[in-house]
Q: 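Just dropping this structure here.
If you read the sequence from its start, that first residue is 1, and numbering goes on from there. What's counted below: heavy atoms across the whole structure, side chains too, no hydrogens, waters or symmetry copies.
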Amino acid sequence: MLLSVEDLRTYLRSDQRLVKAVDGVSFTIEPGKTFCLVGESGSGKSITALSIIDLLPSGICEHPSGAILLQTLKGERHNLMTLDESTMEEIRGARISMIFQEPMTSLNPVFTIGEQILEALYIHYPEFNDEEAWQRALQVLRDVQLPDPETRIHAYPHQMSGGQRQRVMIAMAMVCEPDLLIADEPTTALDVTVQKEILKLMKDLQQRTGMGILFITHDFGVVAQIADQVGVMKEGRLVEVGEVQQIIRRPEHPYTQSLIAALPENLSRPVVEMQEDGAELPASREPLIKLEQLQIHFPVRKGLLRRQVDSVRAVDGIDLEIPRGQILAVVGESGCGKTTLGRGILRLIEPTGGRVLFDNTDITRLSSAKMRSYRRNMQVIFQDPLSSLNPRLSIEAILTEPMKVHGIGSSQEERIERAADLLRQVQLDEVTLWRYPHEFSGGQRQRICIARALSLEPSFIVCDEITSALDVSVQAEILQMLLELRDRRNLTLLFITHNIGVVEYISDVTAVMYQGRIIEHGKTEQVINQPKNSYTQELISAVPRIPRLD
């Protein structure tokens with residue numbers, strides 16, 4: 001046994017209110033094994049991990065009961081809940097390390113990655129001289145397969161991609177060769193190909209060192225790929241614990257069953273309307289959006305006079321049609337140009353070449369004044385709902401302000417009634433009109449963003465990674481709601497995502513982007529199940545999936 005958590009209770013105090021964030025949790029982790037904690041946001045997963053490593057603020061945190069027993073690979077035994085801070089500092093980083101969810105906020109932007117890795121070494125291995133520490137840091141960067149480690153060790157966090165920063169976080173966690181690695185949603189925002197590499201890397205390091213891993217996630221595909229045992233958390237309690245195959249294939253608790261049922265591959269597809277002879281009704285082939293050699297290039301400037309020396313071809317000559325009433329999914333890795341394409345269609349970024357035809361009108365040639373009337377018909381839902389909602393405005397103001405700008409509603413009372421109806425359409429109570437964005441969960445805020453996009457009764461909406469950070473149950477509700485709204489309003493959607501399961505469920509047609517170009521395009525079933533391009537094949541093969549029942 002490497003780690004034993006026994007009847008752990010972590011209570012948090014806030015404004016005289018006691019929150020039982022972790023309420024009687026028990027589990028064990030063996031050396032060389034991976035224990036996955038799954039559950040929805042707010043279930044207590046991260047608080048459990050922070051309790052183990054003792055990173056919660058003492059002023060608001062208390063542990064009424066419990067024990068956290070660590071037996072290191074060297075044979076030392078500790079009850080982490082009874083140790084003083086100086087002893088915990090020796091264990092933290094050396095015997096237990098943690099990878100946090102967002103590497104950009106966990107890495108210090110003013111220090112190079114080499115300096116940040118060396119800091120941990122100098123603290124826990126003071127006997128190392130500078131050369132020994134430097135070589136150890138270089139070796140751990142090689143272990144995590146960071147490209148060109150001799151150069152990258154001098155780089156700053158902002159000079160790296162998300163996947164590279166996550167590799168650096170793993171390197172920092174592994175440099176002292178810990179016995180236990182805690183990974184808190186380390187792959188949530190990563191592309192599937194990068195995620196596959198990170199998961200393989202963690203398994204390889206585990207096999208080489210014999211460390212145990214506590215892996216926190218809400219992605220059951222990742223669970224199926226990496227876990228030995230799984231614990232399902234709800235409202236601070238473990239409702240089910242077992243071997244990974246038992247939990248995934250034969251879940252016993254209703255909550256676990258509901259999480260598995262909410263996965264996109266398990267959702268029931270919408271019923272397709274049939275003609276009297278049993279044939280499917282023909283879809284409208286009239287394009288609402290038509291792109292002709294669309295280009296969006298960004299200049300690269302250098303020197304004192306900032307002369308242009310090159311250009312980044314973010315979108316490089318794309319021809320594409322989106323028929324009225326259809327959902328087109330655009331997939332690809334970070335940096336391929338998906339978001340730039342969506343914003344270019346809406347002219348939130350000005351195209352540098354080509355044409356965007358909206359309902360047979362070339363909107364790239366319109367002035368700002370003439371473009372304003374088209375804004376009503378072309379809306380966007382951004383990836384992060386919290387940052388796209390004004391924290392100082394109530395939901396009533398957020399929903400009625402666009403209506404007022406575009407002359408919808410004869411009075412403020414009528415606009416408020418329309419806003420209340422929109423909230424009902426996205427399954428929120430109308431009393432939430434008078435609340436503010438910070439008072440809602442992530443899923444509720446995303447529903448508000450959808451209501452805001454619908455407030456102008458558009459015919460076309462760009463959905464930019466709108467489910468990437470949501471729990472599977474909330475994601476399922478959002479996807480089903482979008483399909484219902486599409487059918488009810490005959491909406492046309494451009495759905496930007498890197499989640500192939502979501503693509504399979506929601507889209508009619510899929511386009512695969514790579515380095516600013518569309519390299520494969522066709523019906524979703526054909527692109528997913530019979531990809532022709534080698535890049536598409538690699539992308540699909542990297543998707544972590546739950547094994548099908550025999």
Side-chain angles (χ1 to χ4, degrees), residues 1-6 8-10 12 21-22 25 27-35 37 44-63 66-103 105-108 111 113-128 133 136-137 140 143-144 165-166 168-186 202 205-206 209-216:
M1 183 272 297
L2 174 64
L3 181 78
S4 176
V5 177
E6 301 174 0
L8 175 64
R9 298 177 192 272
T10 302
L12 306 177
V22 179
V25 165
F27 62 89
T28 60
I29 301 177
E30 299 294 331
K33 300 294 184 180
T34 300
F35 184 89
L37 269 181
K45 306 187 300 296
S46 294
I47 297 296
T48 300
L50 293 172
S51 297
I52 292 171
I53 203 168
D54 193 24
L55 286 180
L56 291 168
S58 58
I60 65 168
C61 171
E62 61 182 65
H63 300 289
I68 303 173
L69 306 177
L70 174 71
Q71 180 166 327
T72 69
L73 299 181
K74 295 180 179 179
E76 303 170 353
R77 288 181 60 88
H78 303 281
N79 183 350
L80 302 183
M81 296 187 70
T82 63
L83 297 181
D84 56 54
E85 181 58 26
S86 61
T87 307
M88 273 303 301
E89 287 177 355
E90 296 175 5
I91 291 175
R92 198 185 294 126
R95 304 277 59 87
I96 303 177
S97 289
M98 187 165 182
I99 305 170
F100 296 95
Q101 182 171 356
E102 178 46 65
T105 58
S106 305
L107 294 170
N108 194 319
F111 291 106
I113 65 168
E115 290 170 334
Q116 296 183 61
I117 294 173
L118 289 172
E119 181 182 19
L121 279 174
Y122 287 141
I123 289 173
H124 295 288
Y125 293 93
E127 69 273 14
F128 278 17
R136 180 76 168 263
V140 76
D143 290 343
V144 299
R165 286 194 293 265
Q166 198 62 281
V168 171
M169 285 293 297
I170 295 175
M172 290 177 64
M174 294 300 301
V175 71
C176 295
E177 298 185 349
D179 302 325
L180 175 67
L181 177 66
I182 301 174
D184 187 2
E185 300 272 12
M202 293 178 68
L205 292 172
Q206 183 182 47
T209 64
M211 69 178 178
I213 297 178
L214 174 60
F215 198 99
I216 298 170

Q: side-chain contact (heavy atoms from CB on, under 4.5 Å) between Ile99 and Gln166: does it pass, once the steps are laid out?
A: CA-CA 8 Å; Ile99 305 170; Gln166 198 62 281; 3.5 Å; yes

Q: Once rounded to the nearest 0.5 Å, what's the spacing between atom CG of Leu70 and atom CD1 of Ile96?
A: 4.5 Å

Q: If you count heavy atoms of other groups shown closer than 6.0 angstrom to OH of Tyr125, is the number above 12?
A: yes

Q: Taking side chain to side chain donor-acceptor pair (under 3.5 Å) as the definition, give me every residue that meets it alongside Asp54, ordered by chain and number, with sequence neighbours left out.
A: none

Q: Please indicate whether Gln206 has more than 12 foreign heavy atoms, meaning atoms of other residues, nucleotides or ligands, lying under 6.0 Å from its CD.
A: yes

Q: Does Arg136 reach the main-chain N or O of Val175 with its side chain, forming a donor-acceptor pair under 3.5 Å?
A: yes

Q: Using 0.5 Å steps for rounding, measure from the CG atom of Asp179 to the CG atom of Leu181.
A: 11.0 Å

Q: Determine whether a donor-acceptor pair (N or O, by modelled atom type, separation under 3.5 Å) exists between the side chain of His124 and the backbone of Ile91.
A: no

Q: Is any side-chain heavy atom of Glu76 less than 4.5 Å from a side-chain heavy atom of Gln71?
A: no

Q: With sequence neighbours excluded, tell me which residues meet ring pair (Phe, Tyr, Trp, His ring centres under 6.0 Å) with Phe35.
A: Phe27

Q: Between Met174 and Leu205, does a side-chain contact (heavy atoms from CB on, under 4.5 Å) hold up when you go through it step by step?
A: CA-CA 9 Å; Met174 294 300 301; Leu205 292 172; 3.8 Å; yes

Q: Under 4.5 Å between any side-chain heavy atoms of Glu6 and Met81, yes or no?
A: no

Q: Can you find a pair of side-chain heavy atoms, one from Met98 and one from Leu50, that are under 4.5 Å apart?
A: yes

Q: Ignoring hydrogens, what is the shortest heavy-atom contact between Leu83 and Thr87? Give both atom names and the distance.
A: CD1-CG2, 4.0 Å

Q: Would you check if Met169 and Pro186 make a side-chain contact, meaning some heavy-atom pair closer than 4.5 Å?
A: no

Q: Taking all heavy atoms of Ala133 and all of Tyr122, pick out the closest pair and write down the distance.
A: CB-CE2, 3.8 Å

Q: Is a side-chain N or O of Arg9 found less than 3.5 angstrom from the main chain of Ala21, in a donor-acceptor match?
A: no

Q: Can you measure from CD1 (Ile113) to CD (Glu115) and round to the nearest 0.5 angstrom?
A: 10.5 Å

Q: Supply the atom-to-atom distance Ser4 OG to Asn79 CG, rounded to the nearest 0.5 angstrom.
A: 9.5 Å

Q: Which atom names give the shortest non-hydrogen contact between Ser51 and Ile68, and what distance separates them?
A: O-CD1, 3.7 Å

Q: What pairs with Glu90 under side chain to side chain donor-acceptor pair (under 3.5 Å), at least two apart in sequence or on another chain?
A: none

Q: Output the distance between atom CG (Leu214) and atom OG1 (Thr48), rounded to the nearest 0.5 Å.
A: 8.0 Å

Q: Begin with the C-alpha distance, continue with both residues' side-chain angles, and end with the deciding distance and a verdict on side-chain contact (heavy atoms from CB on, under 4.5 Å) for Met211 and Met202.
A: CA-CA 10 Å; Met211 69 178 178; Met202 293 178 68; 5.6 Å; no

Q: Is the backbone of Asn108 close enough, under 3.5 Å, to the side chain of Gln116 for a donor and an acceptor to pair up by distance?
A: yes

Q: Please report the shortest heavy-atom distance between Ala173 and Ser97, naming the atom on each side.
A: O-OG, 2.8 Å

Q: Taking C-beta and beyond as the side chain, do Thr10 and Cys61 meet within less than 4.5 Å on heavy atoms?
A: yes

Q: Hey, could you give me the CG/CZ distance between Leu2 and Arg95, rounded to the nearest 0.5 Å?
A: 10.0 Å

Q: Spell out, as yes or no, whether a donor-acceptor pair under 3.5 Å connects the side chain of Arg92 to the backbone of Ile53.
A: yes

Q: Taking all atoms of both residues into account, what is the closest heavy-atom pair of Val140 and Ala171, and its distance?
A: CG2-O, 3.5 Å

Q: Indicate the atoms forming the closest heavy-atom contact of Ile29 with Gly212, along with that distance.
A: CG2-CA, 4.2 Å

Q: What I'd like to find out is whether the side chain of Ile47 reaches to under 4.5 Å of the side chain of Leu12, using heavy atoms alone.
A: yes

